[in-house]
Protein chains: 2
Amino acid sequence: MNAIATRPLVLDPDGAADPCARCGVRASSVCDAIPTSDLARLSAAAVTGHAAPGSSFIDEGEPATAFFNITGGTAKLYKLLPDGRRQIVGFVGVGHFLGLAVSDTYAFTAEAMEPVKYCRFSRASLRRLLDDFPAMEKKLLAVASNELVAAQEQMLLLGRKTARERVASFLMAQARLGVACMAPRSHFTLPMTRGDIADYLGLTIETISRTLTKLRTEGLIEIPGATDIVVKNRLAMERIADASE
Amino acid sequence: MNAIATRPLVLDPDGAADPCARCGVRASSVCDAIPTSDLARLSAAAVTGHAAPGSSFIDEGEPATAFFNITGGTAKLYKLLPDGRRQIVGFVGVGHFLGLAVSDTYAFTAEAMEPVKYCRFSRASLRRLLDDFPAMEKKLLAVASNELVAAQEQMLLLGRKTARERVASFLMAQARLGVACMAPRSHFTLPMTRGDIADYLGLTIETISRTLTKLRTEGLIEIPGATDIVVKNRLAMERIADASE
DNA sequence: CGGTCACTTGATCGTCTTCAATACCAGTGG
DNA sequence: CCACTGGTATTGAAGACGATCAAGTGACCG
């Protein structure tokens with residue numbers, strides 16, 4: 001009933017001097033490349049901050065002065081064309097590292113969907129960290145490489161897949177989210193609107209809605225609520241997503 | 001995969017132990033992160049090879065056993081769907097580093113367009129190099145970051161731009177290729193076929209042809225030969241590419 | 001020459017978009 | 001309790017952009 005009252009509050013002996021030592025997301029982020037004994041270095045480099053839903057904490061085109069590590073909430077990353085057309089290039093959650101671009105300006109806007117908490121590193125302080133901890137650089141390279149692979153997969157989706165295949169791909173990717181082992185979930189919640197999905201898949205709201213309805217009438221999925229998805233026929237969905245028919 | 005790989009010593013009849021010392025593309029690749037005094041280490045880790053036009057030296061889905069540094073020629077990188085639909089995720093030339101994916105299999109196929117020469121690093125030997133030369137890891141991270149930015153730009157193109165905007169974007173990007181300073185070339189050659197351009201822009205051969213013809217009849221470009229492009233009105237082309245009208 | 005290959009051009013088709021109406025749901029205040 | 005409101009989702013009808021199908025051109029080459 002009252003989680004806060006029943007949960008034992010673990011206090012760190014060092015107090016507020018070393019917040020990174022008590023950071024719950026360290027294990028799932030690039031920060032775990034810093035040895036525990038050196039966490040003070042990390043704490044000194046990071047500045048925490050937060051962003052309310054609908055507000056952006058990175059703005060496309062603005063000078064890229066800092067890097068971010070998401071410690072709470074979720075955000076969408078998007079690029080805009082002058083006339084308002086929008087392409088969402090990714091959804092990010094806890095542990096995600098942002099702003100890797102070496103260029104002088106941010107390549108995308110990052111807007112909070114749920115309240116976002118983050119750690120902020122200035123270019124200079126991150127550079128110093130990386131100089132002193134090559135393991136962190138290794139970790140960042142691994143992260144960037146994986147994102148590059150994901151981006152190429154998304155290019156295939158945007159360039160060559162049909163609306164049906166895009167939606168199926170998206171749903172199956174969501175089903176796999178946060179599931180470490182093989183089995184994707186059969187029931188999950190979509191934390192974004194139809195508009196967000198559309199701008200992520202290069203389609204329109206109406207096409208998303210129609211395609212979901214079609215998949216539902218075919219018995220492949222169920223949609224108990226607008227944001228709830230139940231996959232009834234995983235194999236068929238995977239086949240549509242992979243275009244392997 | 002009908003490419004040929006040999007140890008550099010074999011290709012190096014005059015017996016020098018470090019062919020990397022005479023490598024003309026070192027300056028423009030990640031290899032310049034290795035100090036000149038340690039080039040023997042680099043030479044020992046690399047195995048040179050080459051691929052004839054039309055043949056692939058990386059195959060999507062195959063176990064990712066090595067990394068490649070292009071030292072000559074150009075190649076296209078693509079992903080395939082089971083039914084043959086193809087998405088080209090990039091064109092690469094001299095100095096480009098390939099295979100960064102941390103996953104166990106290659107995410108794309110790399111096929112030579114012009115005769116390709118490359119240096120090949122096994123996972124283990126590259127790892128050893130990176131452990132010993134953090135500067136190289138830094139360089140790779142910078143490269144990966146920049147590619148990520150480019151990939152996101154391509155997502156915007158594939159997801160939200162019209163055929164006309166895509167072709168204009170592509171042409172202006174080609175005009176800027178290999179030009180360090182601000183001014184893009186007004187005349188250049190396209191090293192790829194219409195089919196390749198189509199699969200890069202998520203369109204068809206016919207649409208590429210029609211769109212180029214339209215741009216020509218409008219006086220924005222000239223097409224002296226199928227592979228020659230002369231930009232007559234750069235400003236207008238940039239505006240179309242950026243959708244800023 | 002006949003053959004192939006790449007490109008161009010034309011006619012038709014289909015998928016997805018656009019425009020528009022309606023349904024839904026939560027929050028608010030009468 | 002119920003109308004009002006604004007944001008979100010669904011559904012329908014019409015339209016457009018790019019795909020597909022098909023024919024024709026030109027270059028290169030054995």
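Residue numbers start from 1 in every chain, and the chains themselves are labelled A, B, ... in the order their sequence lines are given, proteins ahead of strands. Please read all numbers here as calculations on a predicted model, not as lab measurements.
In this structure, B:G225 reaches neither bases nor backbone, as no heavy-atom distance under 4.0 Å exists between it and the strands shown. Within the nucleic acid shown, B:L203 comes within 4.0 Å of sugar-phosphate atoms alone, with no base atom in reach, counting heavy atoms only. Nucleic acid contact for B:T204: base, since at least one base atom lies under 4.0 Å from a heavy atom of the residue.
Electrostatic pairing of B:D199 and B:R85 does not count as a salt bridge here, judged by no charged N lying under 4.0 Å from a carboxylate O.
Nucleotide C:dA6 holds its P atom 14 Å from the CE atom of B:M113, rounded to whole Å. Taking atom CG of residue A:D196 and atom C1' of nucleotide D:dG7, one finds them 13 Å apart after rounding to whole Å. Atom CD in B:E206 sits roughly 8 Å away from atom P in D:dT20 (whole-Å rounding). To the nearest angstrom, P of C:dT8 lies 10 Å from CD1 of B:I208. Residue A:L158 contributes atom CG, which lies 16 Å from atom C1' of C:dT15 at whole-angstrom precision. Distance, A:I223 CD1 to D:dT8 P: 18 Å, rounded to whole Å. One can place CD1 of A:I205 at 17 Å from P of C:dC16, the figure rounded to the nearest angstrom. Residue B:K161 contributes atom NZ, which lies 18 Å from atom C1' of D:dG18 at whole-angstrom precision.
Between B:F91 and B:Y200, the ring center distance clears the sub-6.0 Å criterion. For B:F67 and B:F121, the ring centers sit 6.0 Å or farther from each other.
Counting only heavy atoms from C-beta on, B:S209 has its side chain closest to C:dT8 among C:dT8, C:dC7, D:dT11. With C:dT17, D:dA9, C:dG10 as the candidates, the nucleotide lying closest to the side chain of B:R210 is C:dG10.
Two residues, B:T162 and A:A226, neighbour DNA chain D, and the one matched to the more 5' nucleotide by heavy-atom proximity is A:A226. Closest-nucleotide positions on DNA chain C for A:T207 and B:T213 were compared, and the one nearer the 5' end corresponds to B:T213.
Taking the six-membered ring for Trp and thresholds of 30 and 60 degrees, B:Y118 and B:F57 have nearly parallel ring planes, at less than 30 degrees apart.
In this structure a side-chain-to-backbone donor-acceptor pair under 3.5 Å is missing from B:K117 to B:T48.
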